[in-house]
Amino acid sequence: MTGGSNKTFYVTTPIYYVNDKPHTGHAYTTIACDVLARFKRLDGYRVKFLTGTDEHGQKVAKAAAEKGISPQAFTDEVSKTFSDLTETLDVTNDDFIRTTEDRHTKACQALWIRIAEKTAPDGKPWIVLDKYSGWYSVRDEAYHTEDELTKGPDETKLAPNGNPVEWVEEESYFFRLSAAEPLLLEYYDAHSDFIAPKSRRNEVTSFVKGGLRDLSISRTTFDWGVPVPGNDKHVMYVWIDALTNYITAAGYPDEKTADYKAFWPADLHMIGKDIIRFHCVYWPAFLLAAGLPLPKRIFAHGWWTIEGQKMSKSLGNAIDPNALIEAYGLDQLRYFLLREVPFGNDGDFSKTALIQRANGELANEFGNLSQRVLSMINKNCNAKVPMPGDFSDEDAELLNAAASMLEPVREAIDRQAFHEALEVIWTVVRAANAYVDKQAPWILRKEDPARMGTVLYVLTDVIRLLALVMQPFTPHACEDILDQLAIPFDSRNFEAFAPGHAPVPGEDLPKPEPVFQRLEMPETE
RNA sequence: GGCGGAGUAGCUCAGUUGGUUAGAGCAGCGGAAUCAUAAUCCGCGUGUCGGGAGUUCAAAUCUCUCCUCCGCUACCA
């Protein structure tokens with residue numbers, strides 16, 4: 001391998017809020033990050049891939065109370081369903097953080113103190129103690145602004161949904177987000193790749209340009225959270241708590257460790273488009289205030305509809321990823337999620353679309369390419385890597401296409417353009433199948449066995465390169481293919497794209513087996 | 001309302017420093033092949049490039065205008 005590589009890559013999923021059960025949306029984010037993490041490892045990077053659970057806040061406290069158990073017991077239970085998901089998705093996260101861990105409490109409090117000690121460009125402190133007041137609906141657990149309110153029959157004020165509201169005042173610490181406005185705009189301007197896709201970047205900048213209000217960052221009405229240092233009547237607002245996880249896991253507040261130096265700032269925060277503001281405005285503002293480096297990039301992906309319908313709790317159509325893996329296979333699910341839709345766009349998840357992709361592209365084009373070639377070798381070359389003769393122009397052309405796909409794939413991956421990466425790979429898959437038909441090794445078998453050996457040799461090398469580069473997407477099938485090609489484990493990273501790693505003629509090959517099962521299309525629909 | 005994005009073949013989309021007959025995949029139709037998971041390969045598109053107007057020798061690509069759809073427009077997370 002690349003021992004001692006100084007290239008590092010730190011990628012994070014959001015920490016998932018334990019008020020929800022894991023569904024396909026969570027699986028999507030996590031799988032996307034896993035593909036990146038696997039890709040970067042194969043490409044010689046030292047990778048840190050973080051996921052975890054967000055466990056504080058009023059909703060959690062309330063949900064626990066309703067179940068009659070402690071918040072900690074409740075979060076232990078739900079957090080486990082998320083850590084279990086990393087197992088069933090066979091995701092290669094290096095850490096799983098829980099916001100109820102001690103390391104995290106320490107990091108949050110250290111960050112709070114650090115911000116509180118600093119002053120904004122206007123010379124005033126970033127954090128001030130004041131009062132939060134407004135029209136509060138107990139039923140909605142939400143504040144409403146004056147202009148949102150409607151009047152009831154007897155002139156009482158009502159929330160937009162008709163629930164009663166009352167005027168409340170609550171002591172609260174405020175983060176002076178307004179003072180961060182010019183700093184943020186300057187930062188966005190200087191770092192054009194900070195927020196992706198571009199349309200999200202536009203949204204964020206226009207939001208910030210519209211003026212920022214100071215942010216209430218502590219609560220006194222419940223206690224399930226990280227205590228504010230020096231005033232434990234207050235717990236931190238869940239978002240300041242949650243966002244901090246990204247530096248907790250890097251070792252903060254100990255900034256001296258090798259890990260912290262290697263991994264912070266993170267290379268990428270992957271998020272869903274629902275939490276853009278928290279990641280693209282609040283989090284950078286907190287870090288700017290603290291004088292800490294900002295993450296290099298934040299990518300907001302889209303949503304899946306399910307068979308054309310919005311995924312929602314009320315429709316009850318959220319899909320348990322475990323059921324999908326059971327029904328279609330993990331590699332197939334991973335591939336579908338990243339191939340079907342340009343990453344960043346919304347997409348529709350349908351069973352027939354998944355089956356068509358899995359059958360047409362994985363089983364037929366890619367899997368069968370491997371199977372048809374290895375099967376011929378098994379039957380006609382004594383089950384050994386054949387001895388190649390001189391390469392024809394067509395041989396060289398195909399080999400070159402395969403060897404040179406890594407660069408554009410890498411470039412697409414660096415933009416999180418998974419679908420583009422897969423399209424690049426598929427041009428080689430298709431070229432390889434066309435090559436098989438054109439060369440017709442089954443005819444060469446009788447007419448020119450030596451040439452058949454060359455053709456099959458070229459194909460084993462092309463299949464090897466395809467399996468190598470597809471490992472991040474469909475790791476299990478690729479492992480099987482590489483096993484069938486008798487590729488040593490230390491030649492399964494991207495260094496093996498360089499000359500000198502091709503299959504060794506004469507090497508014994510095992511009997512090939514299909515690596516992607518064909519899926520049954522449902523009778524109706 | 002304001003800001004932003006989008007409207008290209010049946011479907012999903014690519015294509016904008018303006019320039020040969022506007023592309024890909026899928027689906028469909030026809031053919032070939034039979035090594036392989038009945039898996040593959042080859043061929044086939046008269047599309048108002050949302051409508052209209054304008055600039056230009058030349059516009060999907062620039063300008064104006066209209067229509068439609070989507071996102072954002074803050075403190076549940």
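Since the structure is predicted, the reported quantities are computational estimates derived from the model, not experimental observations. Below, chains carry the letters A, B, ... as their sequence lines are ordered, and counting in each starts from 1.
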Contacts of type side chain to side chain donor-acceptor pair (under 3.5 Å), residue A/Asp331, not counting sequence neighbours: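 With sequence neighbours excluded, A/Asp331 shows a side chain to side chain donor-acceptor pair (under 3.5 Å) to no residue whatsoever.
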
Minimum heavy-atom distance between A/Asn378 and A/Pro510, given as atom pair plus value: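 Between these two residues, the closest heavy atoms are ND2-O, 4.1 Å.
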
Closest contact, heavy atoms only, A/Ala432 versus A/Leu459: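 Heavy-atom minimum between the residues: O-CD2, 4.0 Å.
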
A/Glu77/A/Lys67 ion pair, N-O < 4.0 Å: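 Counted as a salt bridge, because a side-chain N and a carboxylate O are separated by less than 4.0 Å.
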
Among all residues two or more places apart in sequence or in another chain, which pass the ring-ring contact (aromatic ring centres under 6.0 Å, His included) test with [X]?
| X | answer |
| --- | --- |
| A/Tyr173 | A/Trp112, A/His234 |
| A/Tyr457 | none |
| A/Phe336 | A/Trp304, A/Phe349 |
| A/His419 | none |

Mind checking who [N] pairs with, Watson-Crick or G-U wobble, both distances under 3.5 Å?
| N | answer |
| --- | --- |
| B/G1 | B/U73 |
| B/A9 | none |
| B/C35 | none |
| B/C49 | none |
| B/G19 | B/C57 |
| B/C44 | B/G28 |

For a quick check of understanding: with a heavy-atom distance under 4.0 Å over all strands, which category does [X] fall into, base, sugar-phosphate or nothing?
| X | result |
| --- | --- |
| A/Asp241 | nothing |
| A/Gly211 | base |
| A/Trp426 | nothing |
| A/Phe207 | base |
| A/Tyr237 | sugar-phosphate |
| A/Asp54 | sugar-phosphate |
| A/Arg201 | nothing |
| A/Ile275 | nothing |

Salt bridge (charged side-chain N to carboxylate O under 4.0 Å, His left out) between A/Lys131 and A/Glu171, intermediate numbers included: CA-CA 4 Å; A/Lys131 269 188 206 146; A/Glu171 187 182 76; over 6 Å; no

[atom1] atom, [N] versus [M]: distance in rounded Å?
| N | M | atom1 | result |
| --- | --- | --- | --- |
| B/U63 | B/A9 | C1' | 28 Å |
| B/U65 | B/G5 | P | 15 Å |
| B/U16 | B/G2 | P | 30 Å |
| B/C49 | B/G7 | P | 13 Å |
| B/C26 | B/U20 | C1' | 29 Å |
| B/C35 | B/G28 | C1' | 28 Å |

Proximity to the side chain of A/Arg277 - top-ranked nucleotide from B/G4, B/A74, B/A77: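 Looking only at heavy atoms from C-beta outward on A/Arg277, the closest nucleotide is B/A74.
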
Candidates B/C76, B/G25, B/C42 - which lies nearest the side chain of A/Ala434: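 Shortest atom-to-atom distance from the side chain points to B/C42.
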
Produce the list of close N/O pairs, under 3.5 Å, pairing protein atoms with atoms of nucleotides 8-13 of chain B; give distances to one decimal.
none

Residues in salt bridge (charged side-chain N to carboxylate O under 4.0 Å, His left out) contact with A/Arg445, at least two apart in sequence or another chain: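 For A/Arg445, no residue satisfies salt bridge (charged side-chain N to carboxylate O under 4.0 Å, His left out) once neighbours in sequence are set aside.
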
5′-ward residue of the pair A/Ser216/A/Ala431 relative to RNA chain B: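 Per heavy-atom nearest nucleotide, the more 5' residue is A/Ala431.
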
Nearest-nucleotide 5' precedence on RNA chain B, A/Leu215 against A/Ser199: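 Closest to the 5' end, via its nearest nucleotide, is A/Ser199.
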
Phosphate-side-chain proximity, A/Tyr435 and B/U40, N/O vs OP1/OP2 below 4.0 Å: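 For B/U40, neither OP1 nor OP2 has a side-chain N or O of A/Tyr435 closer than 4.0 Å.
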
Whole angstrom value for the distance that separates [atom2] of [N] from [atom1] of [X]:
| X | N | atom1 | atom2 | result |
| --- | --- | --- | --- | --- |
| A/Ile276 | B/C72 | CD1 | C1' | 9 Å |
| A/Glu203 | B/A74 | CD | P | 13 Å |
| A/Phe286 | B/C75 | CZ | P | 15 Å |

Are there any protein N/O atoms within less than 3.5 Å of an N/O atom in nucleotides 34-39 of chain B, and if so, which ones and at what distance?
{"from": "B/C35", "atom 1": "O2'", "to": "A/Arg372", "atom 2": "O", "distance (Å)": "3.4"}
{"from": "B/C35", "atom 1": "O2", "to": "A/Arg372", "atom 2": "NE", "distance (Å)": "3.2"}
{"from": "B/C35", "atom 1": "N3", "to": "A/Arg372", "atom 2": "NE", "distance (Å)": "3.4"}
{"from": "B/C35", "atom 1": "N3", "to": "A/Arg372", "atom 2": "NH2", "distance (Å)": "2.6"}
{"from": "B/C35", "atom 1": "N4", "to": "A/Arg372", "atom 2": "NH2", "distance (Å)": "3.0"}
{"from": "B/A36", "atom 1": "OP1", "to": "A/Lys379", "atom 2": "NZ", "distance (Å)": "2.5"}
{"from": "B/A36", "atom 1": "O2'", "to": "A/Asn368", "atom 2": "OD1", "distance (Å)": "2.4"}
{"from": "B/A36", "atom 1": "N3", "to": "A/Asn368", "atom 2": "ND2", "distance (Å)": "3.0"}
{"from": "B/A36", "atom 1": "N3", "to": "A/Arg372", "atom 2": "NE", "distance (Å)": "3.3"}
{"from": "B/U37", "atom 1": "O2", "to": "A/Phe516", "atom 2": "O", "distance (Å)": "3.4"}
{"from": "B/U37", "atom 1": "N3", "to": "A/Phe516", "atom 2": "O", "distance (Å)": "2.6"}
{"from": "B/U37", "atom 1": "O4", "to": "A/Val515", "atom 2": "N", "distance (Å)": "3.3"}
{"from": "B/U37", "atom 1": "O4", "to": "A/Phe516", "atom 2": "N", "distance (Å)": "3.2"}
{"from": "B/U37", "atom 1": "O4", "to": "A/Phe516", "atom 2": "O", "distance (Å)": "3.4"}
{"from": "B/A39", "atom 1": "OP1", "to": "A/Arg518", "atom 2": "NH2", "distance (Å)": "2.8"}
{"from": "B/A39", "atom 1": "O5'", "to": "A/Arg518", "atom 2": "NH1", "distance (Å)": "3.4"}
{"from": "B/A39", "atom 1": "O2'", "to": "A/Asn364", "atom 2": "O", "distance (Å)": "2.9"}
{"from": "B/A39", "atom 1": "O2'", "to": "A/Asn368", "atom 2": "ND2", "distance (Å)": "2.6"}

For A/Asn345, side-chain contact (heavy atoms from CB on, under 4.5 Å) partners two or more places apart: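 side-chain contact (heavy atoms from CB on, under 4.5 Å) check on A/Asn345 returns A/Val341, A/Pro342.
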
